[in-house]
Structure formats: structure tokens, C-alpha cells
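See below for the structure under consideration.
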Amino acid sequence: MGLIARNPADAVKPPKVERAGLNTLDMPQTAALIERLRGARMLIPAMLAVLCGLRRGEIIALRWRHVDLEAGVLSIVESAEQTKGGISRPSRAGAAP
């Protein structure tokens with residue numbers, strides 16, 4: 001069948017992925033941000049990010065059908081990506097690309 005005895009990829013090291021550091025806000029900075037955004041259209045997205053830990057793509061893909069006000073539940077089932085061409089069609093959260 002022509003099978004090789006070992007995997008040739010084992011002979012090379014995979015490239016290292018350098019990750020950028022995260023910038024986080026402390027409590028006074030978070031409170032100041034929320035206060036600054038009062039009355040602005042970015043208040044709700046900022047609150048979702050700060051209080052629920054949602055990422056930008058999850059906030060963009062959020063729809064009313066994902067919100068159950070009676071049960072107090074917010075379901076994160078999709079994520080979207082902003083590219084140079086605009087916002088891409090939401091993809092299912094956790095789905096393979």
C-alpha cells in the first residue's frame with residue numbers, strides 16, 4: 001500500500017503563535033465607562049460585555065429571539081465577525097468553521 005513508517009511532520013516544530021496582551025478595566029474604570037456611556041447607544045453593548053462577559057461578535061449576533069425576559073435568560077447561540085467588507089453572516093457558536 002505504500003504506507004510510511006513514521007509521520008514526517010514529527011520532525012518539525014510548529015510555529016509559535018504570539019498572543020497580544022489583554023487590556024482589562026478595574027472597577028473604577030468600569031464604573032467611569034458606564035457613566036460616560038449613559039444615554040449613548042453603546043451603553044447596552046458595553047453593559048453586556050462588562051456584566052455578562054460577551055464578546056463583540058456575540059453582541060453583534062444577539063437577536064430578540066435569544067432573550068427570554070420572563071425566565072431572565074439570555075442565550076448566546078451565534079457569533080458574527082466584523083471584516084473590512086462589513087459584518088459577516090453570524091455563525092453558530094461552538095460550530096467548526
Non-hydrogen side-chain atoms of Leu74 and Leu62 separated by less than 4.5 Å: yes
Using side chain to side chain contact (heavy atoms under 4.5 Å, CB included) as the criterion, list what pairs up with Arg41, not counting sequence neighbours. none
How about Asp10: does its CG atom have over 12 heavy atoms from other parts shown lying under 6.0 Å from it? yes
For Arg38, side-chain hydrogen bond (donor to acceptor under 3.5 Å, both in side chains) partners two or more places apart: Glu35
Take His66 and Glu78 through the side chain to side chain contact (heavy atoms under 4.5 Å, CB included) test and state the conclusion after the steps. CA-CA 9 Å; His66 305 143; Glu78 297 176 329; 3.6 Å; yes
Which value, rounded to the nearest 0.5 Å, describes the distance between [X] atom [atom1] and [Y] atom [atom2]?
X: Glu81; Y: Ile60; atom1: CD; atom2: CD1; result: 9.5 Å
X: Ile59; Y: Ile44; atom1: CD1; atom2: CD1; result: 10.5 Å
X: Ile76; Y: Leu54; atom1: CD1; atom2: CG; result: 4.0 Å

Taking the hydrophobic residues Ile, Leu, Val, Met, Phe, Trp and Tyr, and joining any pair whose side-chain heavy atoms are under 4.5 Å apart, which ones share a cluster with [X]?
X: Met47; answer: Leu25, Leu33, Ile34, Leu37, Met42, Leu43, Val50, Leu51
X: Val17; answer: none
X: Ile4; answer: none

Who are the salt bridge (Lys or Arg N to Asp or Glu O under 4.0 Å) partners of Arg56, not counting sequence neighbours? none
Nearest heavy-atom neighbours spanning Glu58 and Gly53: OE1-O, 4.4 Å
Note: Ala80 and Ala61 closest approach over all heavy atoms is N-CB, 3.9 Å
Give the C-alpha distance, both sets of side-chain angles, the deciding distance and a yes or no for side chain to side chain contact (heavy atoms under 4.5 Å, CB included) between Val73 and Val67. CA-CA 6 Å; Val73 174; Val67 179; over 6 Å; no
